[in-house]
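One structure is given below, encoded as structure tokens.
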There are 2 protein chains.
Amino acid sequence: MTVDVVIFTIEGGDLKVLLIERANKPFFGDHALPGGFLLQGETTHAAALRILKEKAGVKDVYIEQLYTFDDKGRDPRGPVLSVTYFALVPPSDIVLKKEKDLQAPALYPLRRLPKLAFDHAGIIAYAVRRLRAKLGYTNAAFSLLPKFFSLFQLQKTYEAIMGTKLDKRNFQKKFLSLRLIALTDKMEEGMRQRPARLYRFISQKPSELKKFF
Amino acid sequence: MTVDVVIFTIEGGDLKVLLIERANKPFFGDHALPGGFLLQGETTHAAALRILKEKAGVKDVYIEQLYTFDDKGRDPRGPVLSVTYFALVPPSDIVLKKEKDLQAPALYPLRRLPKLAFDHAGIIAYAVRRLRAKLGYTNAAFSLLPKFFSLFQLQKTYEAIMGTKLDKRNFQKKFLSLRLIALTDKMEEGMRQRPARLYRFISQKPSELKKFF
DNA sequence: CCAAAAGTGTTGACTGTACACCCATGT
DNA sequence: ACATGGGTGTACAGTCAACACTTTTGG
């Protein structure tokens, strides 16, 4: 029985997943989701938090159970049940281990994933579907953005996840009408264009809404 | 490691769940979801199908994995992980074992559930939430209705699950526009009012839609 | 001055909702 | 005759989608 975690972040306008490179057989050298066996007396949720800390160096992020996989043949070594979670991490918070060896975690854009071990390609595809749906009726995006952000950043986050372009005025109108975010008196800095006003999420806790996308 | 199944059906205009009465400690005499340990080499999905057959006498119904529960303290005997499924069964297909002893399965309306063992009250509440959401963007209702049904029956099914009254004309307009169901040349029989025209689902396979409730 | 994103409203199409009456049948 | 659901359309309100130009800043 194992726990695997799909860790998402946004970087360079792309939705990315954290993967490690396997240092053992089977699938030696292929890429895989971070995960592993449960420690003695540990719940699967606690194990997912531990993996997040170990591989991405973060805590207090959005995390949710995804699905439990136990199809025959998913692990050549025999029947293995895997409880999977997915997490959303702001890019600025990720701390990747620097060691240049196998098992070193790195971020890969969804559009160009390397060869994946086990059924992990399927797990990631399923996680993306769930993430897209989730974004349409929750405030989960707060966990992919820094504390203060511009409407443009927010829109780019939605575009990266949904894989579509959105209309600027319509997006802003709709999102502001949800009353999930509030204007702050901060301004963007260091950009080479007109500085944007920064917003914050009113609540940093997950909440459900009536569907808005 | 166990598998538990939330088996839903509609009976007398009410959404009901199949429960057994426990014949062993702990929670002796309380009601519980049908479930049990995995057989040697069995997947959780296969176990859920087996339980459906054993307790409700049905196969080929809508079934889907719900969630995996492993909170500390959910079973007083120690850490137990339970992979749960939910199933939708047409009332006409259910065959309950008739034996009048403990473990005998019976249907209970959601509004008046008996005292439940373990965390099963929470599991059922979660299953209902998922079922309501599911009904809003899939054709899952096909698995709660007989092959031929009237629009009124369909509407009552939605009302029982959603727990709300719906407007007849608007419901029919919306549902027909989805092109999920087709008119047949059959008519209702044996009712004491004007016979209704019967419809059928065009596809008996689960499919997703763009959200309609 | 140029590049890049900021900021800002209106219109037309579509969708959802509210609502009431006569009809066909079995008892 | 009466009770029960069968069957049918319209009008108003709200939401969604398309669309373009001026402003501010850094380089």
Side-chain angles (χ1 to χ4, degrees), chain A residues 10-14 132-133 135-137 145-146 148-160 162-200 209-213, chain B residues 10-14 91 132-133 135-137 141 145-146 148-160 162-200 209-213:
Chain A
I10 306 268
E11 199 185 57
D14 285 322
R132 285 185 178 153
L135 223 58
Y137 62 95
L145 288 161
F148 299 100
F149 54 89
S150 67
L151 291 176
F152 191 67
Q153 275 178 287
L154 181 63
Q155 180 178 339
K156 289 299 168 198
T157 299
Y158 271 79
E159 289 180 347
M162 299 302 187
T164 58
K165 293 265 171 224
L166 299 170
D167 178 86
K168 182 168 55 159
R169 279 172 292 188
N170 292 336
F171 178 83
Q172 296 189 3
K173 221 182 314 171
K174 195 191 281 192
F175 214 95
L176 290 172
S177 75
L178 297 172
R179 311 216 157 255
L180 288 176
I181 58 175
L183 188 56
T184 69
D185 55 5
K186 298 198 170 17
M187 299 287 277
E188 213 171 21
E189 288 175 17
M191 296 287 121
R192 71 172 160 295
Q193 77 279 20
R194 174 174 173 179
R197 294 185 283 191
L198 298 183
Y199 291 76
R200 62 180 172 81
L209 296 112
K210 285 233 165 298
K211 165 134 185 102
F212 51 96
F213 274 110
Chain B
I10 305 270
E11 201 184 54
D14 284 322
R132 284 185 179 152
L135 224 57
Y137 63 95
L145 286 163
F148 300 100
F149 54 89
S150 66
L151 291 176
F152 192 66
Q153 275 178 285
L154 181 63
Q155 182 178 337
K156 288 300 167 197
T157 299
Y158 271 78
E159 289 180 348
M162 299 301 186
T164 57
K165 293 268 170 217
L166 299 170
D167 177 85
K168 183 166 56 159
R169 279 172 294 189
N170 292 337
F171 178 81
Q172 297 188 4
K173 218 183 317 173
K174 194 191 277 189
F175 214 94
L176 290 172
S177 75
L178 298 172
R179 310 218 162 253
L180 289 175
I181 59 175
L183 189 55
T184 70
D185 54 7
K186 297 199 173 11
M187 299 287 277
E188 210 170 24
E189 288 173 18
M191 296 287 121
R192 69 172 161 296
Q193 76 279 19
R194 172 173 175 180
R197 293 186 285 192
L198 298 183
Y199 291 75
R200 64 182 170 79
L209 297 112
K210 283 234 165 297
K211 162 126 187 114
F212 52 98
F213 274 109

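Sequence lines set the chain letters: A, B, ... in the order given, protein chains first and strands last, and positions in each chain run from 1. Note that this is a predicted model, so its numbers are computed, not measured.
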Discussion item. Using a 3.5 Å distance criterion without hydrogens, assess whether the side chain of A:Glu188 forms a donor-acceptor pair with backbone atoms of A:Pro195.
Written reply: no
Worksheet item: Just by distance, do the side chain of A:Lys211 and the backbone of A:Phe213 share a donor-acceptor pair under 3.5 Å?
Response: yes
Item to complete: Walk me through it: do A:Arg169 and A:Asp167 pass the test side-chain contact (heavy atoms from CB on, under 4.5 Å)?
Response: CA-CA 6 Å; A:Arg169 279 172 292 188; A:Asp167 178 86; 3.8 Å; yes
Discussion item. Assess the residue pair A:Leu135 and A:Met162 against the criterion (side-chain contact (heavy atoms from CB on, under 4.5 Å)); give the C-alpha distance rounded to whole Å, side-chain angles, the decisive distance to 0.1 Å, and a yes or no.
Written reply: CA-CA 9 Å; A:Leu135 223 58; A:Met162 299 302 187; 3.8 Å; yes
Item to complete: Answer yes or no: is there a side-chain heavy-atom contact under 4.5 Å between A:Gln155 and A:Ser150?
Response: no
Fill in: B:Leu180 side chain near B:Leu209 side chain, heavy-atom distance below 4.5 Å
yes
Worksheet item: When you match A:Glu188 and A:Lys173 each to their closest nucleotide on DNA chain C, which lands nearer the 5' end?
Response: A:Glu188
Worksheet item: Given the side-chain rings of A:Tyr199 and A:Phe148, with only the six-membered ring counted for Trp, is the space between their centroids under 6.0 Å?
Response: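 No, too far apart.
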To the nearest angstrom, how far is [X] atom [atom1] from [N] atom [atom2]?
X        : N      : atom1 : atom2 : answer
A:Arg169 : C:dA5  : CZ    : P     : 17 Å
B:Gln172 : D:dG7  : CD    : C1'   : 7 Å
B:Leu198 : D:dG6  : CG    : P     : 11 Å
A:Leu154 : C:dA6  : CG    : P     : 12 Å
A:Lys165 : D:dA18 : NZ    : C1'   : 17 Å
A:Met187 : C:dG7  : CE    : C1'   : 11 Å
B:Leu166 : C:dC19 : CG    : C1'   : 15 Å
A:Leu183 : C:dA6  : CG    : P     : 14 Å

Worksheet item: For DNA chain D, whose closest nucleotide is more 5', that of A:Lys211 or that of A:Asp167?
Response: A:Lys211
State which of [options] makes the closest approach to the side chain of [X].
X        : options               : result
A:Phe152 : D:dG6, D:dT8, C:dA5   : C:dA5
A:Ser150 : D:dA20, C:dC19, C:dA6 : C:dA6
B:Lys174 : C:dA6, C:dT17, D:dA20 : C:dT17
A:Ala196 : C:dG7, D:dA17, D:dT8  : C:dG7

Worksheet item: What string of B, S and - do you get for nucleotides 21-27 of chain D, 5' to 3', if B is base contact, S is sugar-phosphate-only contact and - is no contact with any protein heavy atom under 4.0 Å?
Response: --BBBSS
Discussion item. Please report the end-to-end axis angle for the helix from C:dC1-D:dG27 to C:dT27-D:dA1, five pairs per end, rounded to 10 degrees.
Written reply: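 Result, rounded to 10 degrees: 10°.
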Item to complete: On the 0 to 90° scale, with breaks at 30° and 60°, tag the A:Phe212-A:Phe175 ring pair as parallel, tilted or perpendicular.
Response: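 If you compare the ring of A:Phe212 with that of A:Phe175, the planes turn out perpendicular.
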Worksheet item: Any side-chain N or O of B:Arg197 less than 4.0 Å from the OP1 or OP2 oxygen of D:dT8?
Response: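 Answer yes for this pair, as a side-chain N or O of B:Arg197 is under 4.0 Å from OP1 or OP2.
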Practice prompt. Can you see which heavy atom on B:Ile181 is nearest to which on B:Leu154, and at what distance?
Written response: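 Smallest interatomic distance, heavy atoms only, reads CD1-CD2, 4.2 Å.
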Item to complete: Compare every heavy atom of A:Arg197 with every heavy atom of A:Met187, then report the nearest pair and how far apart it is.
Response: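 For A:Met187 and A:Arg197, the tightest heavy-atom pair comes out as SD-CG, 3.7 Å.
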